[in-house]
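To start, the structure itself, in structure tokens.
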Amino acid sequence: MSGDGVLLLLILGMFVLYAGMILHSNYKNRKLFLYEAKQNWGKTPDVSYTADQLERISVYGRQTCSREKFYIDEITWRDLDMDRVFQQMNHTVSAAGEEYLMYLLRTPRLEKNVLNKRDWLAWWFEKHKEQRYSLQMILSGVRKDRRYSIGEELQFLKEASAISVHKHQLLCASAVICLGVMLLQPVYGFFLFLAAACVNVADYYGGSDRKASSLCLGCFKSVLQMMETAGKVEKYAGEELGEYCRPMSLARENLRPFHRSSHWLFGICSASGSLDAVFADWLRMIFHLDLIWYNKMLREIQDHEEDAKVLLECLGELDCAIAAASFREMLPVWCRPDFHQEMRIQAEDLYHPLVKEPVPASFQLEGSMLLTGSNASGKSTFLKSAALNAILAQTIFTCPAASYQAPLCRVITSMALSDSLERGESYFITEIKSLKRILGAAAWEGALLCMVDEVLRGTNTVERIAASSQILKSLCQSHVFCFAATHDTELTYLLEDCYRNYHFDEEISGRDISFPYVLKKGRAVSKNAIRLLSVMGYEEEIVTAAEETAQEFERTGVWKK
């Protein structure tokens, strides 16, 4: 056999060996994915996120939620620890699902028909296990990237500019000529092509155009991944999921020119890591095809940005429905909400899903609630539980409770506030601004659920009680549910005509203290703050003097020096 034949056989053998390794790796990855999907079903996701990663995942939701009638504002989001709630619910397998889940939690719906469709989809995935696992495998093709989110990438593409492609056309032509020489003189042409390839690859990674366009090329990758995944979903989905495929089909049709320009780029968008993917990666490095067609692809995606968002939303909705079904499986008790037109909230065994061993609370309320009790007795947790149940009811049609009945509400809170050194605002200024936005929300039409924890705690007692009573009284409206927690028992008398009194208490036995965390009707009657000093080991002299001072004030109405 000639030297040329030996060389060709050697190249072919290496090619076959490499292909076998890739196929074996893909098989192992698919098998591992299915195993993990089954093992993780109904369990808390074992994934943590940094603050920067959460911020990136939120980009799409922040950009999109403003078009909705109502969305959770930043103060309410922080008050309710919604980043932690997101992480507990995030059973998604795709970047589209992850980002859509963040958007979904930010935009509680006020339309029953939308919520009923989400409920049906979650139920369908719960009942059809094999279809669910197969669809998760397909959806995982839109890979999660901790560096950038799809929302960020679409925003970057919108603002990106074109590059000069003349140099890359010349380098591509030189490589093609060397291939032609290799057909006539195999050995000589092979080494000539190898030299041209080395030059082109070096320029590809070392040139300024690649650096300038690299982020956009990665953004193209995300769009192509969504197109490829959407096509597979359309082929796999039956009539039952056809409603969710039609918008994707139209979006893919509008993006077809973009996809035609990217056949050579298939390798970097492929979800499977297949042999054609690896081959395409080498083609784009040697022939600079991605840089040559970069401008055309950029124009196409800028003209069809909304179609790319449709793909994200449709794929994300399917992934989120599976995540919601898994979240339901994870909860010890859950129910579907019962929405009605009355201004009444009724809940049985309502709890917070982030609390490891929660004590459920039951209540029925028409109007507003004033909540009293000592620190750590459970007031703040109850407020968060009630608000979170309302949000989950109007996002994934799921409540951590035995039963939940309420009207469709907008939700707003003022709870975990702090001063701002950056803005130069004291705690009190931050607090009154936060409360003012709640008063503004009360002027809107439709039911409002607001949570206020420790009204005006940042000022003196006399002015706090005077101002708090008037603010809370102004929130006592026919379309407003106001849940307010306070240490000022005076408010329970000043507002008893318009607020129902509830309380939490504690149990002190000797030097031990315990909190039953049971919601009870009526105002708190015990005053144990000073006794708690003794329980926590304060000197008896301090405790005794404090008790005598308090008793003197209650008897005379004057503070003794």
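Keep in mind that the numbers below use all heavy atoms, side chains included, and drop hydrogens, waters and symmetry copies.
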Task: Tyr236 to Glu130 - nearest heavy-atom pair and separation - done: OH-O, 4.0 Å
TODO: Can you measure from CZ (Arg132) to CD (Glu126) and round to the nearest 0.5 angstrom?
DONE: 8.0 Å
- [ ] Report the distance from atom CZ of Phe70 to atom CG of Leu408, rounding to the nearest 0.5 Å.
- [x] 11.0 Å
Side-chain polar contacts of residues 348-355 - donor-acceptor pairs under 3.5 angstrom, sequence neighbours left out - could you list them?
{"from": "Tyr351", "atom 1": "OH", "to": "Val333", "atom 2": "N", "distance (Å)": "3.4"}
{"from": "Tyr351", "atom 1": "OH", "to": "Val333", "atom 2": "O", "distance (Å)": "2.5"}
{"from": "His352", "atom 1": "ND1", "to": "Leu354", "atom 2": "N", "distance (Å)": "3.1"}

Task: Verdict with supporting geometry, Glu317 and Glu313, side chain to side chain contact (heavy atoms under 4.5 Å, CB included) - done: CA-CA 6 Å; Glu317 189 168 9; Glu313 291 167 5; over 6 Å; no
Task: Closest non-hydrogen atom pair, Leu311 against Arg252 - done: CD2-CG, 4.0 Å
TODO: Please report the closest heavy-atom contact between Val310 and Pro247, naming both atoms and the distance.
DONE: CG1-O, 3.7 Å
Task: 4.5 Å side-chain heavy-atom contact, Phe483 and Leu365 - done: yes
Open item on the list: Do Met297 and Ile301 make a side-chain contact, defined as non-hydrogen atoms from C-beta onward lying under 4.5 Å apart?
Closed with: no
Task: His340 (side chain) donor-acceptor with Ile345 (main chain) under 3.5 angstrom - done: no
Task: Ion pair check, Lys232 and Glu228, cut-off under 4.0 Å - done: yes
- [ ] Using a 4.5 Å cut-off on heavy atoms from C-beta on, say whether the side chain of Tyr100 contacts that of Leu315.
- [x] no
Open item on the list: Just checking Lys436: does its NZ atom have more than 12 heavy atoms from other residues, nucleotides or ligands closer to it than 6.0 angstrom?
Closed with: no
- [ ] Give a yes or no on whether Arg67 atom CZ has more than 12 heavy-atom contacts from other residues, nucleotides or ligands under 6.0 Å away.
- [x] yes
Task: Member of Glu98, Glu99, Gln53 meeting the side-chain contact (heavy atoms from CB on, under 4.5 Å) criterion with Lys144 - done: Glu98
Task: Residues forming a side chain to side chain contact (heavy atoms under 4.5 Å, CB included) with Trp444, sequence neighbours excluded - done: Arg410, Ala441
Open item on the list: Less than 3.5 Å apart, any donor N or O on the side chain of Thr76 or Arg437 sitting next to an acceptor on the other?
Closed with: yes
TODO: Please report the C-alpha distance between Thr92 and Ile322 in whole Å, then the side-chain angles of each, then the deciding distance to 0.1 Å, and finally whether the side chain to side chain contact (heavy atoms under 4.5 Å, CB included) criterion is met.
DONE: CA-CA 7 Å; Thr92 62; Ile322 297 175; over 6 Å; no
TODO: Taking Asp319 for its side chain and Ser94 for its backbone only, find out whether a donor-acceptor pair lies under 3.5 Å.
DONE: yes
Open item on the list: side chain to side chain contact (heavy atoms under 4.5 Å, CB included) for Arg106 and Phe86? Distances and angles first, verdict last.
Closed with: CA-CA 10 Å; Arg106 288 181 177 272; Phe86 162 79; over 6 Å; no
- [ ] For residues Phe481 and Arg344, report the shortest heavy-atom separation together with the two atoms involved.
- [x] CZ-N, 3.4 Å
Task: Exercise: identify the closest heavy-atom pair between Leu392 and Leu105 - done: CD2-CD2, 4.2 Å
Open item on the list: Do Met343 and Pro407 have side chains that approach each other closer than 4.5 Å (heavy atoms only, starting at C-beta)?
Closed with: yes
TODO: Hey, can you tell me if Trp124 and His128 have their rings parallel, tilted or perpendicular (30° and 60° cut-offs)?
DONE: parallel
Open item on the list: Between Arg56 (side chain only) and Ser149 (backbone N and O only), is there a donor and an acceptor less than 3.5 Å apart?
Closed with: no
Open item on the list: Heavy-atom count check: over 12 atoms from other residues, nucleotides or ligands less than 6.0 Å from Lys117 NZ?
Closed with: no
Open item on the list: Between Glu55 and Arg62, is the salt bridge (Lys or Arg N to Asp or Glu O under 4.0 Å) condition met? List the steps.
Closed with: CA-CA 10 Å; Glu55 186 69 22; Arg62 294 177 194 275; 3.2 Å; yes
Task: Flag, side chain of Ser134 to backbone of Gln131, donor-acceptor distance under 3.5 Å - done: no
TODO: Could you tell me whether the side chain of Leu449 reaches within less than 4.5 Å of the side chain of Met451, counting heavy atoms only?
DONE: yes
- [ ] Mind listing the closest non-hydrogen atom pair of Asp79 and Lys384 along with its distance?
- [x] O-CE, 3.1 Å
Open item on the list: For Leu224 and His259: C-alpha separation, side-chain torsions, deciding distance, then whether side chain to side chain contact (heavy atoms under 4.5 Å, CB included) applies.
Closed with: CA-CA 7 Å; Leu224 292 168; His259 189 265; 3.9 Å; yes
- [ ] Before giving the answer on salt bridge (Lys or Arg N to Asp or Glu O under 4.0 Å), spell out for Arg328 and Asp119 the whole-Å C-alpha distance, their side-chain angles and the decisive distance to 0.1 Å.
- [x] CA-CA 11 Å; Arg328 289 175 173 181; Asp119 176 46; 2.8 Å; yes
- [ ] Measure the shortest side-chain to side-chain distance between Thr107 and Thr395 over non-hydrogen atoms and say whether it is less than 4.5 angstrom.
- [x] no
Open item on the list: Could you check whether any side-chain N or O of Lys69 sits under 3.5 Å from a backbone N or O of Leu110, counting only pairs where one atom can act as donor and the other as acceptor?
Closed with: no
Task: Euclidean distance, Met227 CE relative to Met248 CE, rounded to 0.5 Å - done: 12.0 Å
Open item on the list: For Tyr148, I'd like to know if atom OH has over 12 heavy atoms of other residues, nucleotides or ligands within 6.0 Å.
Closed with: no
Task: Backbone of Leu54 reached by a side-chain donor or acceptor of Ser58 within 3.5 Å - done: yes
Open item on the list: Working to the nearest 0.5 angstrom, can you tell me the gap between Arg109 CZ and Leu104 CG?
Closed with: 8.5 Å
Task: Between CZ on residue Phe287 and CG on residue Asn200, distance to nearest 0.5 Å - done: 8.0 Å
Open item on the list: Counting neighbours of CD on Glu74 that are heavy atoms of other residues, nucleotides or ligands and sit closer than 6.0 Å, is the number greater than 12?
Closed with: yes
Task: Interatomic spacing from CG in Leu448 to CG in Leu475 - rounded to 0.5 Å - done: 8.0 Å
Task: Heavy-atom side-chain contact between Ile138 and Lys235 under 4.5 Å - done: no
Open item on the list: Does any part of the side chain of Phe327, heavy atoms only, come nearer than 4.5 Å to the side chain of Gln88, both counted from C-beta?
Closed with: yes
Open item on the list: Donor-acceptor pair, distance only, cut-off 3.5 Å: does the side chain of Gln394 make one with the backbone of Cys409?
Closed with: yes
Task: Close aromatic pair by centroid cut-off 6.0 Å: Tyr517 and Phe382 - done: no
Open item on the list: So for atom CD, which belongs to Glu159, do other residues, nucleotides or ligands contribute more than 12 heavy atoms lying within a distance under 6.0 Å?
Closed with: yes
